[in-house]
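Please read the structure below before turning to the comments.
Worth saying up front: this structure is predicted, and the values here are computed from it rather than measured.
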Amino acid sequence: SRDVENDVQKALDKGIDTDLNQAIAKINPIVPLQLDAPLTNLTADFSALDVSITSQLFTLNSRGCVYDTSDTHACSEPAPPLAPIQTVPKMLSITLSPYVVNSGAASAFRMNQLEYLLTAADVSSLAVNPLNTDSMNGFCPDLIHYPNRNMTVLVTATSVPAMQIDPTAGDQPKAAIAADVELAFSMPANNGTNATIDAFTLGCGLRAEAVAWLTGEVVHGNISLLSCNLTLKETHYEPFLTSYANETINTLMKLMIAKVNKDIGKGLSLPTDEDVSLVNSSLVAVGDATLQ
């Protein structure tokens, strides 16, 4: 009877192997992220690198790289090794490395895609418009000579944003984000044309926190601003009182992050076959971000 039991188990294992391989073959591992501008070209590559199947465990290692489709150097470096998979009472466990997010940030940075333009339309819901010269003459007194002009600010990353996952977080993994950004302010020349005047440029050492969670087959995220360490890089109007600009600049940075959150709030759909659904899964952090 022991031989019969072993034969049955082998047959079952072989059938499971065949079904899993057929399911993997039907999955499209290249997933466009469908984000809004400027990140419209970002794509995730979950191509399988190797597959291991035992009687109790099915393991699939994938490339896990996010890239801009115009970037010829994307995914050129190998992903770092992942933390060991821990035994958990879950049907599915997927380990996600910070490399997945950081590779996308690096690719978008190389392609000059990490920039956002904030205009008066983005602050229309606020009681006081922080992008109006009347709101800024407290720290840039010369702007009093340019009353009631709506300004624009171009926010551009000047370094690749870096993410570090907190392994002590619970079922909603947290990550610290650090980036250097530049804020270039301009205003209308008010001469009946579309000409603009460069006003001043600030640097910001940005620190933020990201939280991720799983709903079905979709990974969602949200970013919140922690701090923005300001420096004056250039101004055409003096004096410029940087220390008095913190409140206004923090308001603008929170608005920019809100635009990002609206985009990433759509979530990243994990590549699965239409006949496969994720059951009993959650998102936790164990060394690296681990989807279980």
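- A continuous path of Ile, Leu, Val, Met, Phe, Trp and Tyr side chains, each step under 4.5 Å between heavy atoms, connects Leu232 with Val153, placing both in one hydrophobic cluster.
- In the hydrophobic cluster analysis, where Ile, Leu, Val, Met, Phe, Trp and Tyr join through side-chain heavy atoms closer than 4.5 angstrom, Leu255 is grouped apart from Leu226.
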ask   = For Leu183 and Cys204, what are the C-alpha separation, side-chain angles and deciding distance, and is it a side-chain contact (heavy atoms from CB on, under 4.5 Å)?
value = CA-CA 8 Å; Leu183 299 90; Cys204 167; 3.7 Å; yes
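- Rounding to the nearest 0.5 angstrom, the gap separating the CD1 atom in Ile223 from the CE atom in Met163 is 10.5 Å.
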task = Apply side-chain contact (heavy atoms from CB on, under 4.5 Å) to Thr133 and Asn137, showing your working.
result = CA-CA 6 Å; Thr133 52; Asn137 58 32; over 6 Å; no
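- With sequence neighbours excluded, the residues that form a side-chain contact (heavy atoms from CB on, under 4.5 Å) with Glu234 are Thr201, His236.
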ask   = Given Ser135 and Val128, is the side-chain contact (heavy atoms from CB on, under 4.5 Å) satisfied, shown in steps?
value = CA-CA 8 Å; Ser135 300; Val128 178; 3.7 Å; yes
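- To the nearest 0.5 Å, atoms SG (Cys140) and CD (Glu238) are separated by 9.0 Å.
- Taking CE from Met151 and CG from Leu118, the interatomic distance works out to 12.5 Å, rounded to the nearest 0.5 Å.
- The two residues Pro141 and Pro239 make their nearest non-hydrogen contact at CD-O, 3.2 Å.
- When each of Val160, Thr156, Asp68 is checked for a side chain to side chain contact (heavy atoms under 4.5 Å, CB included) with Phe109, only Val160 meets the rule.
- A 4.5 Å side-chain heavy-atom check between Asp134 and Pro147 finds at least one atom pair inside the cut-off.
- Just one residue in the list Tyr237, Phe200, Phe240 forms a ring-ring contact (aromatic ring centres under 6.0 Å, His included) with Phe185, and that residue is Phe200.
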request  = Applying side-chain contact (heavy atoms from CB on, under 4.5 Å), run through Arg207 and Leu225 and close with a yes or a no.
outcome  = CA-CA 7 Å; Arg207 299 296 179 269; Leu225 177 69; over 6 Å; no
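- Atoms CG and OG, from Asn250 and Ser227 in turn, are 8.0 Å apart once rounded to the nearest 0.5 Å.
- Atom CD1 in Ile257 sits 11.5 Å away from atom CD in Glu209 (nearest 0.5 Å).
- In this structure, Leu131 and Leu252 have side chains that are in contact, with non-hydrogen atoms separated by less than 4.5 Å.
- For the residue pair Thr152 / Ser186, a side-chain donor-acceptor distance below 3.5 Å is found, with atom types taken as modelled.
- Considering every non-hydrogen atom in both Gly205 and Asp180, the closest pair reads CA-OD1, 3.9 Å.
- Counting non-hydrogen atoms of neighbouring residues, nucleotides and ligands closer than 6.0 angstrom, the CD atom of Glu247 reaches no more than 12 such neighbours.
- Between the OH atom in Tyr146 and the CD1 atom in Ile197 there is a gap of 5.5 Å [rounded to 0.5 Å].
- Of all the heavy atoms in Cys228 and Met253, the pair that sits closest is SG-CG, 4.1 Å.
- Cluster membership check: Tyr244 shares its hydrophobic cluster with Met136, using side-chain heavy-atom separations under 4.5 Å among Ile, Leu, Val, Met, Phe, Trp and Tyr.
- Listed for the Gln113 side chain is a donor-acceptor partner under 3.5 Å among the backbone atoms of Met111.
- For Lys259, the side-chain hydrogen bond (donor to acceptor under 3.5 Å, both in side chains) criterion is met by no residue, not counting sequence neighbours.
- Within the 4.5 Å cutoff, the side chain of Val260 has heavy atoms near those of the Tyr116 side chain.
- For the pair Leu126/Val123, a side-chain contact is recorded, criterion being any heavy-atom separation below 4.5 Å from C-beta on.
- Heavy atoms from other residues, nucleotides or ligands lying under 6.0 Å from CG of Leu154 number more than 12.
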task = Evaluate the criterion side-chain hydrogen bond (donor to acceptor under 3.5 Å, both in side chains) for residue pair Asp71 and Ser107; output intermediate values, then yes/no.
result = CA-CA 6 Å; Asp71 187 1; Ser107 181; 2.8 Å; yes
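- Under the 4.5 Å side-chain criterion, counting only non-hydrogen atoms from C-beta, Pro161 is in contact with Leu114.
- Looking at Leu202 and Glu182, their side chains never come closer than 4.5 Å, going by heavy atoms from C-beta outward.
- No path of Ile, Leu, Val, Met, Phe, Trp and Tyr side chains, each step under 4.5 Å between heavy atoms, connects Leu117 with Val155, placing them in separate hydrophobic clusters.
- Note: the hydrophobic cluster containing Ile249 also contains Ile177 (ILVMFWY, side chain heavy atoms under 4.5 Å, direct or indirect links).
- Looking at Met256 and Val181, their side chains never come closer than 4.5 Å, going by heavy atoms from C-beta outward.
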